[in-house]
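Written out below as structure tokens is the structure these notes cover.
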Amino acid sequence: MKIGILSQDANLYSTRRLHEACQQRGHEAVIINALRCYMNINSVQPSIHFEGTDLIGFDAIIPRIGSDITFYGCAVLRQFEMMDVFAVNQSIAISRSRDKLRSLQLLSRQGVGMPITGFASKPDDVLDLIKMVGGAPLVIKLLEGTQGIGVVLAETQKAAESVIEAFMGLKAHIMVQEYIEEAGGADIRCFVIGDKVIASMKRQAAEGEFRSNLHRGGSASLIKITPEERKTAIAAAKAMGLSVAGVDLLRSKRGPLIMEVNSSPGLEGIETATGKDIAGMIIEYIEKNAEKSRRNLQNQ
């Protein structure tokens, strides 16, 4: 098969591993920078061009779209979809998961466990917003933040009021969430492919930090998840419509709570912690599903 990898940086660990896994399994792999693509949008023969060349003959596409290029990256991916190329994650599912508010509303609708979350633009009563999520300590998040950036733990009522008012003054969209103290600064990353959790790891925040992101100095270790956690992670990925996802959850007194569903989960941390060939499993998923998807399209 000819497989495209939509990525801005060929040297990133995840991109390199996917490229290697394609080649190891006998496929042709092409790394494509979405920002350098341009499209011919028409109803007869839609096409994508890159450096003067028409991108044709692809059987599947693996989107590794950074959050900073979600809009354009999804437009390029959507064009591939119009050309009947199998996408590991579809553009609509990626757009869904990147909108933090929308994703939480979708999870809520499906009955998936998550922290109590408040959202407001210009609340007339900040105190009521704080009360809504159980009071301080609480977590305040910028909707546009990634990798733990724009996430603040307010340990007191006054601190919460100050931070919320400061963000409001900057006209920033924020979410206010209950703080799950019993999680102890740790979360669990479940890697979902298809309808299975194929790997999981525990991410522990560094000393004096509550954000467990590996980019913020957190550490990763192997962990065995419970059947309930497995079921919750699969349900969360399904609610987003994602076939490949990194689902982050917290262990709480009332069961697993979803923090985020990532449509382009990094491979380095999970492969290092588990010793599993995650990249190879993604290519195996393509092998099993790309042809099936093509047949379904031909029969429509």
Side-chain angles (χ1 to χ4, degrees), residues 88-89 93-94 96-119 132-134 137-139 141 148 151 153 175-205 210-214 218-267 269-278 281-282 284-285 288-289:
V88 170
N89 279 331
I94 294 172
R96 226 181 256 140
S97 67
R98 289 284 163 82
D99 184 333
K100 289 184 181 178
L101 180 61
R102 183 183 181 191
S103 63
L104 285 173
Q105 289 172 323
L106 288 168
L107 291 171
S108 171
R109 189 175 185 179
Q110 295 300 318
V112 178
M114 60 185 195
I116 298 169
T117 304
F119 174 75
M132 188 191 299
V133 299
L138 55 80
V139 178
K141 295 181 177 179
V151 181
L153 172 62
M175 294 189 305
V176 180
Q177 286 187 326
E178 68 171 316
Y179 176 58
I180 310 301
E181 188 174 2
E182 61 267 30
D187 72 5
I188 297 171
R189 161 61 63 88
C190 297
F191 206 103
V192 177
I193 299 180
D195 57 358
K196 294 179 182 177
V197 175
I198 52 90
S200 54
M201 65 176 175
K202 177 183 178 181
R203 301 186 302 186
Q204 180 68 51
F210 80 101
R211 295 167 295 183
S212 59
N213 306 71
L214 300 185
S219 58
S221 59
L222 191 63
I223 191 171
K224 185 175 176 60
I225 59 173
T226 67
E228 186 183 7
E229 288 165 348
R230 189 176 299 276
K231 183 180 176 182
T232 300
I234 293 167
K238 189 176 180 181
M240 295 299 108
L242 294 168
S243 299
V244 172
V247 180
D248 299 335
L249 58 82
L250 299 175
R251 284 180 168 170
S252 78
K253 293 172 184 174
R254 61 179 191 272
L257 304 176
I258 298 295
M259 294 294 291
E260 189 174 359
V261 184
N262 193 319
S263 60
S264 293
L267 302 183
I270 194 88
E271 285 197 338
T272 302
T274 65
K276 291 186 176 182
D277 178 13
I278 308 295
M281 293 180 189
I282 293 173
E284 185 180 355
Y285 175 81
K288 289 178 179 177
N289 292 275

Which heavy atom of Tyr179 sits nearest a heavy atom of Pro137, and at what distance? CB-O, 3.4 Å
Might you point out which heavy atoms bring Ile258 and Pro115 nearest each other, and give the distance in Å? O-CD, 3.2 Å
Can any side-chain N or O of Asn89 pair as donor or acceptor with the backbone N or O of Leu242 at less than 3.5 Å? no
Tightest non-hydrogen contact, residues Ala186 and Gln204, listed as CB-OE1, 3.3 Å
Beyond-backbone contact of Asn262 with Arg189, side-chain heavy atoms, under 4.5 angstrom: yes
Using atom types as modelled and distance alone, determine if a side-chain donor or acceptor of Ser103 lies under 3.5 Å from a backbone N or O of Asp99. yes
Do the side chains of Val133 and Thr117 get nearer than 4.5 Å, heavy atoms only? no
Has the side chain of Glu178 got a donor or acceptor atom that lies under 3.5 Å from a matching backbone atom of Ile116? yes
Ile225 CD1 to Arg251 CZ distance, which is reported to the nearest 0.5 Å: 8.5 Å
Lys141 atom NZ, neighbour heavy-atom count above 12 within 6.0 Å: yes
Any side-chain heavy atom of Ser263 sitting closer than 4.5 Å to one from Met240? no
Contact between Gln177 and Met114 at the side-chain level, heavy atoms closer than 4.5 Å - yes or no? no
When rounded to the nearest 0.5 angstrom, what is the spacing between CE in Met259 and CG in Leu104? 9.0 Å
Leu267 vs Ile282 side-chain heavy atoms within contact, under 4.5 Å: yes
Around Arg254, counting heavy atoms of other residues, nucleotides and ligands shown, do more than 12 lie under 6.0 Å from its CZ? yes
Quick one: does Glu271's side chain have a donor or acceptor within less than 3.5 Å of a partner on Ile278's backbone? yes
Is the shortest side-chain heavy-atom distance between Ile180 and Glu182 below 4.5 Å? yes
For Ile188 and Ser200 the tightest heavy-atom approach is CG2-CB, 4.5 Å
The reported gap from CD1 in Ile198 to CG in Asp195 (rounded to nearest 0.5 angstrom) is 12.0 Å
To the nearest 0.5 Å, what is the distance between CG (Leu101) and CG (Leu106)? 9.5 Å
Measure across Ala245 and Pro265 and return the closest heavy-atom pair with its distance rounded to 0.1 Å. C-CG, 3.8 Å
Looking at Ala236 and Val261, what are the two nearest heavy atoms and their distance? CB-CG2, 3.9 Å
With a 4.5 Å limit on heavy-atom distance, are the side chains of Ile193 and Glu284 in contact? no
For the atom pair CG (Leu249) and CD (Glu228), what is the distance rounded to the nearest 0.5 Å? 10.0 Å
Are any side-chain N or O atoms of Asp187 and backbone N or O atoms of Leu250, one a donor and one an acceptor, separated by less than 3.5 Å? no
If the threshold is 4.0 Å, N to carboxylate O, is there a salt bridge linking Glu260 and Arg203? no
Would you check if Arg230 and Pro256 make a side-chain contact, meaning some heavy-atom pair closer than 4.5 Å? no
Between CZ of Phe191 and NZ of Lys276, what distance do you get to the nearest 0.5 Å? 11.5 Å
